[in-house]
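Here is the structure we will look at.
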Amino acid sequence: MIFYALCDANNFFASCERVFNPSLNGRPVVVLSNNDGCIIARSEEAKRLGIKMGEPLFKARETIERHGVAVFSSNYQLYGDMSHRVMNTLKQFASAEIYSIDEAFLNFEGIPLETMQEYGKQIVRTVKRNTGIPVSLGIAPTKTLAKVASKLCKRYPKLEGCCLMYRPEDITKVLSTFPIGDVWGIGRRYSKMLKSHGVETAEQFRRLTPEWVKAKMSIVGLRTWKELHGEACIEFEHKTPDKQSITVSRSFAKELTEIEPLQEAISTFTAMVAEKLRKQHSVAGQMQVYIFTNYHREGSPQHYEGRLVQFLTPTESTLEMVKAASAALKELFRKGYGYKKAGVILYDIKPNTGIQATMFDEIDRPKHKALMQTIDTINAHHGRSTIKVGSEGEVHQNRNHTSPRYTTEWSDILVVKV
DNA sequence: TCTGGGGTCCTAGGACCC
DNA sequence: TCTGGGGTCCTAGGACCC
């Protein structure tokens with residue numbers, strides 16, 4: 001039997017803030033989305049106060065003030081770096097498939113069943129010691145069951161962060177009290193639909209016929225059903241697949257009514273998205289530029305529109321993309337609207353090897369390529385935007401609760417007083 | 001006053017081809 | 001009067017994940 005382990009960092013962003021600021025231990029902590037809009041991470045204490053995932057900050061304001069909740073703007077430099085550290089530790093124990101910033105599947109093939117539980121606990125202890133981040137490890141015969149097991153760790157502290165689940169009678173027992181909506185692959189819609197048919201737990205879901213599940217939830221739902229029955233359908237990915245689309249988008253602190261600041265924002269997003277593209281050694285054939293008014297404001301005029309740009313020759317050049325994005329924005333922009341959000345998406349992404357140039361290509365590709373490489377190298381060494389395109393500008397966002405970039409900026413490193 | 005950002009996959013229906 | 005069948009590609013929309 002093959003075993004999958006899922007390692008999930010507990011309240012990851014909140015835990016990252018705590019590593020460098022121990023006075024936060026025991027206190028409720030929340031981390032905000034970009035622009036300080038929503039709450040996107042909560043410590044256990046904050047969850048117990050009833051603060052919800054995705055809740056707008058202003059709605060939780062009263063609870064926050066009453067209970068002295070510590071509030072942080074998101075600090076992705078810190079979280080990204082801490083994520084690296086956690087993943088590198090995990091890779092010392094087993095081959096790892098990084099699933100998200102705070103989760104990884106581990107391939108436990110070949111580890112003897114008798115030692116598996118202890119091995120798991122050792123991983124949890126080592127990650128905590130090396131990085132300061134608490135993690136939960138669930139081990140089971142399928143990825144979906146491993147996810148269930150990892151959630152049990154959080155429910156039962158005596159498991160010491162590691163739960164091995166494989167005996168059919170144990171699985172049945174666990175699933176009969178496991179809410180259907182907490183199963184990986186069952187979202188809000190399906191959860192509601194299943195409940196309307198009397199299915200409240202994962203075990204009740206398992207007892208449905210596969211025909212019914214497939215008819216109502218397509219082959220994706222059927223796959224979840226099989227996985228809960230112990231049949232592994234979602235395999236271990238040995239290498240990270242290239243992205244098929246890459247996005248950069250942001251909301252703004254204030255609504256933008258003029259085209260100039262939007263131009264600057266779009267240029268900045270385009271440069272960022274192009275850099276991500278080159279990082280995975282790809283080129284893009286299509287680019288979408290879009291702008292949004294504030295759809296939360298009823299009564300004010302709304303405009304949402306995107307333009308799809310086709311590149312005759314797939315490109316990786318920031319210069320070419322910025323020029324095209326700028327032209328697209330000019331077509332989109334309408335006077336008299338307040339724009340709250342904008343973004344750039346790249347599609348039709350392929351490896352950058354063997355690009356077929358068209359006959360009337362006006363761009364000196366080798367020259368652009370060399371320029372981009374130079375810019376990327378300099379920016380990697382000296383910090384983002386050391387070199388940028390002239391039309392890029394500051395994107396104004398709310399960030400009123402930032403923590404230091406403890407691990408990635410010399411000026412922000414903690415000083416130990418003796 | 002204040003509401004995130006970045007992804008994937010599947011299905012259905014229409015266009016189009018032979 | 002009778003009006004096929006099979007395949008591919010594209011897109012929009014809907015579901016999900018973190």
Mind checking if [X] touches a base, just sugar-phosphate, or nothing, with heavy atoms under 4.0 Å?
X: A:Ser245; answer: sugar-phosphate
X: A:Leu32; answer: nothing
X: A:Lys214; answer: nothing
X: A:Val183; answer: sugar-phosphate

May I ask you to check whether [X] and [Y] show a side-chain donor-acceptor distance below 3.5 Å?
X: A:Arg278; Y: A:Thr318; answer: yes
X: A:Glu45; Y: A:Ser43; answer: yes
X: A:Asn10; Y: A:Ser136; answer: yes

key: Base partner of B:dC18, which must satisfy Watson-Crick or wobble distances under 3.5 Å   = C:dG5

key: Nearest-Å distance once atom P is located in both C:dC17 and B:dT3   = 26 Å

request  = Determine the Euclidean distance between corresponding C1' atoms of B:dC2 and C:dC18; express it in Å to zero decimal places.
outcome  = 25 Å

key: NZ or CZ of A:Lys143 within 45° of A:Phe105 ring axis and under 6.0 Å   = yes

key: Over-ring placement of A:Lys340 relative to A:Phe292, 6.0 Å and 45° cut-offs   = no

task = Could you pick out which residue, A:Lys276 or A:Phe252, lies toward the 5' side of DNA chain B when each is mapped onto its nearest nucleotide?
result = A:Phe252

key: Earlier contact from the 5' end, DNA chain B, for A:Arg223 and A:Asn294   = A:Asn294

Check whether any side-chain nitrogen or oxygen of [X] sits under 4.0 Å from OP1 or OP2 of [N], and answer yes or no.
X: A:Ser33; N: B:dG5; result: no
X: A:Ser251; N: B:dG5; result: yes
X: A:Ser249; N: B:dG4; result: no
X: A:Lys341; N: B:dT3; result: no
X: A:Lys147; N: C:dC18; result: yes
X: A:Gln244; N: B:dC9; result: yes
X: A:Arg297; N: B:dT1; result: no

Spacing of [X] atom [atom1] relative to [N] atom [atom2], expressed in whole Å:
X: A:Ile101; N: B:dG4; atom1: CD1; atom2: C1'; value: 14 Å
X: A:Gln397; N: B:dG4; atom1: CD; atom2: P; value: 11 Å
X: A:Lys340; N: B:dG5; atom1: NZ; atom2: C1'; value: 15 Å
X: A:Met53; N: C:dC17; atom1: CE; atom2: C1'; value: 11 Å
X: A:Lys52; N: B:dT3; atom1: NZ; atom2: C1'; value: 15 Å

query = Do A:Glu44 and A:Lys47 sit within salt-bridge range, that is, some charged N less than 4.0 Å from a carboxylate O?
reply = yes

